[in-house]
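Worksheet: one structure, shown below.
A note on names: the letters A, B, ... follow the listed sequences, proteins ahead of strands, and every chain is numbered from 1. Computed from a prediction, not measured in an experiment: that's the story for all the values here.
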Protein chains: 2
Amino acid sequence: MTEKLGILAIGHGSKLPYNKEVVTQIADYIAQNHTDVVVRAGFMENSEPTLNEAIAAFSGTGVTKVAAVPVFLASGVHITKDIPNILNLDENGCGTLMVDGTEVPICYAGPLGADKLIADLVYKRVEEAI
Amino acid sequence: MTEKLGILAIGHGSKLPYNKEVVTQIADYIAQNHTDVVVRAGFMENSEPTLNEAIAAFSGTGVTKVAAVPVFLASGVHITKDIPNILNLDENGCGTLMVDGTEVPICYAGPLGADKLIADLVYKRVEEAI
């Protein structure tokens with residue numbers, strides 16, 4: 001069977017629109033660059049769709065495995081506790097989702113972290129401002 | 001007079017250590033790549049140094065202007081209201097700081113935002129997990 005990857009891009013969410021806009025745009029960029037992948041975005045607080053709504057939106061796509069990736073700069077309580085609880089992940093960040101009545105494996109990716117790409121982008125924002 | 005740039009890298013802060021670790025590492029990368037620039041990190045919540053402590057740490061460095069850059073993925077209340085209030089920025093994101101008794105101009109940079117570099121990094125985190 002050919003594998004088909006789904007990406008669950010998880011945003012923090014906010015009462016203001018910006019977090020959802022940024023996370024959704026990032027999800028769109030990934031989908032544009034990887035047309036064989038099904039990308040869905042879901043949020044932890046205040047913004048919609050929720051994580052469970054985003055998972056439901058894999059229905060009919062034929063995904064055979066899902067990577068859940070927090071689109072967060074750094075780890076925190078949502079990443080260490082809340083997301084693993086909602087997704088029923090084990091200590092290794094592994095679990096299963098039900099998609100169209102079939103169990104699909106899900107694995108948990110890390111947040112952005114202190115990558116040098118981020119440092120370059122922060123410096124670019126500085127150059128734009130000075 | 002030769003200009004000397006200071007960068008005030010502003011992190012969200014957290015009760016957990018991760019946000020401070022990531023923002024501090026990013027600030028260190030910027031300092032390593034731009035040895036003519038003075039980089040200080042400060043935090044909005046729970047982590048130290050605070051913004052005002054970070055500003056005080058420009059003392060003795062000879063900075064002649066400062067760029068305040070939120071090391072946040074997306075804008076939100078800290079960025080639209082709290083940081084401009086603390087830094088006394090005007091509607092255009094401009095203001096002045098006192099450093100060693102001298103007024104130094106400060107300008108406000110944008111957060112990371114939905115840059116394609118971020119999308120590539122999110123996909124890299126997915127590849128590491130699957």
Side-chain angles (χ1 to χ4, degrees), chain A residues 3 5 7 9 11-12 14-34 37 39 65-77 79-80 93 105 107-130, chain B residues 3 5 7 9 11-12 14-34 37 39 65-77 79-80 93 105 107-130:
Chain A
E3 291 280 11
L5 175 64
I7 294 177
H12 188 283
S14 170
K15 291 177 183 171
L16 293 176
Y18 310 114
N19 181 272
K20 178 172 176 174
E21 288 170 3
V22 166
V23 172
T24 304
Q25 181 67 68
I26 288 168
D28 288 349
Y29 282 144
I30 295 172
Q32 287 161 20
N33 278 348
H34 304 276
V37 172
V39 186
K65 59 179 177 179
V66 171
V69 59
V71 186
F72 285 57
L73 188 60
S75 190
V77 175
I79 291 177
T80 57
C107 58
Y108 197 28
L112 293 166
D115 198 282
K116 288 183 180 178
L117 284 179
I118 304 277
D120 292 343
L121 191 52
V122 171
Y123 194 76
K124 185 175 156 191
R125 295 288 172 261
V126 168
E127 288 183 311
E128 290 163 354
I130 60 177
Chain B
E3 291 279 13
L5 175 63
I7 294 177
H12 188 283
S14 169
K15 290 177 186 172
L16 293 177
Y18 311 114
N19 182 272
K20 178 172 177 175
E21 287 170 3
V22 166
V23 172
T24 304
Q25 180 68 66
I26 288 169
D28 287 349
Y29 283 145
I30 295 172
Q32 287 161 19
N33 278 347
H34 305 277
V37 173
V39 187
K65 59 180 177 179
V66 170
V69 59
V71 187
F72 285 58
L73 188 61
S75 190
V77 175
I79 291 177
T80 58
C107 59
Y108 196 30
L112 293 165
D115 199 282
K116 288 184 179 176
L117 284 179
I118 304 277
D120 292 343
L121 190 52
V122 171
Y123 193 76
K124 185 176 155 191
R125 295 288 172 262
V126 167
E127 288 183 310
E128 290 164 353
I130 61 178

Quick one, Leu5(A) with Val126(B), criterion side-chain contact (heavy atoms from CB on, under 4.5 Å). Give me CA distance, side-chain angles, the key distance, then yes/no. CA-CA 10 Å; Leu5(A) 175 64; Val126(B) 167; 4.1 Å; yes
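- For chain A, the option among Ala114(B), Ala129(B), Ala67(B), Gly113(B) with the highest count of heavy-atom pairs below 4.5 Å is Ala114(B).
- Of the listed residues (Ala68(A), Ala74(A), Ser75(A), Gly76(A)), the one with the most heavy-atom contacts under 4.5 Å to chain B is Ser75(A).
- If you take CD1 on Ile79(B) and OH on Tyr18(A), they are separated by 10.0 Å, rounding to the nearest 0.5 Å.
- Between the side chain of Arg125(A) and the backbone N or O of Leu112(B), at least one donor-acceptor pair lies under 3.5 Å.
- Ranked by heavy-atom pairs under 4.5 Å with chain B, the list Glu128(A), Lys65(A), His34(A) is led by His34(A).
- For Thr80(A), the part lying near chain B is the side chain, with the backbone staying farther off; criterion is any non-hydrogen pair under 4.5 Å.
- Here Ile118(A) is the residue among Ile118(A), Val66(A), Val77(A) with the most heavy-atom pairs under 4.5 Å with chain B.
- Remark: Lys116(A) engages no residue in a salt bridge (Lys or Arg N to Asp or Glu O under 4.0 Å) (not counting sequence neighbours).
- What you find for Cys107(A) and Ile130(B) is that their closest heavy atoms are SG-CG2, 3.6 Å.
- Annotation: side chain to side chain contact (heavy atoms under 4.5 Å, CB included) contacts of Ser14(A) (sequence neighbours excluded): Leu16(A), Asn19(A).
- Interface summary for chain A: among Asp115(B), Leu117(B), Val23(B), the most heavy-atom pairs under 4.5 angstrom belong to Asp115(B).
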